[in-house]
S.K.: 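I'd like to ask some things about the structure below.
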Amino acid sequence: MNVFELLRLLQAAHEETAGRTDHLRGRIGQLTTARDDSSAKDSSNSPDAASTGNGLITH
């Protein structure tokens, strides 16, 4: 394997990793939004949330 082949393989690996990273960032954004929406619904329906004043359910 020569240097150019190695560089080509490294570039391909980098591009693949960057693509996966972008996908994971998008998925994290979706999950964060779903969590926040769920928390907002829970806090609006929970008397515990109103009494704690922070919207968090404590156990």
Side-chain angles (χ1 to χ4, degrees):
M1 177 180 304
N2 64 34
V3 173
F4 294 112
E5 176 79 7
L6 178 60
L7 290 174
R8 187 186 64 75
L9 292 172
L10 287 171
Q11 181 66 37
H14 170 74
E15 290 171 2
E16 181 181 337
T17 302
R20 286 193 314 237
T21 300
D22 289 342
H23 170 75
L24 289 172
R25 283 186 179 135
R27 188 68 179 129
I28 289 168
Q30 292 171 345
L31 292 170
T32 301
T33 299
R35 182 205 58 201
D36 292 346
D37 291 347
S38 178
S39 293
K41 288 177 187 175
D42 288 344
S43 66
S44 67
N45 294 327
S46 173
D48 291 339
S51 65
T52 61
N54 62 8
L56 300 176
I57 299 173
T58 57
H59 297 272

S.K.: Does a side-chain heavy-atom distance below 4.5 Å link Glu5 with Arg8?
M.R.: yes
S.K.: Let me check something: do Met1 and Leu10 share a hydrophobic cluster, defined by ILVMFWY side-chain heavy atoms less than 4.5 Å apart, either directly or through other members?
M.R.: yes
S.K.: Does any part of the side chain of Gln30, heavy atoms only, come nearer than 4.5 Å to the side chain of Thr33, both counted from C-beta?
M.R.: no
S.K.: When rounded to the nearest 0.5 angstrom, what distance separates OG in Ser38 from CG in Leu31?
M.R.: 12.0 Å
S.K.: So, taking the atom named OG1 in Thr32 and the one named CZ in Arg25, what distance separates them when rounded to the nearest 0.5 Å?
M.R.: 13.0 Å
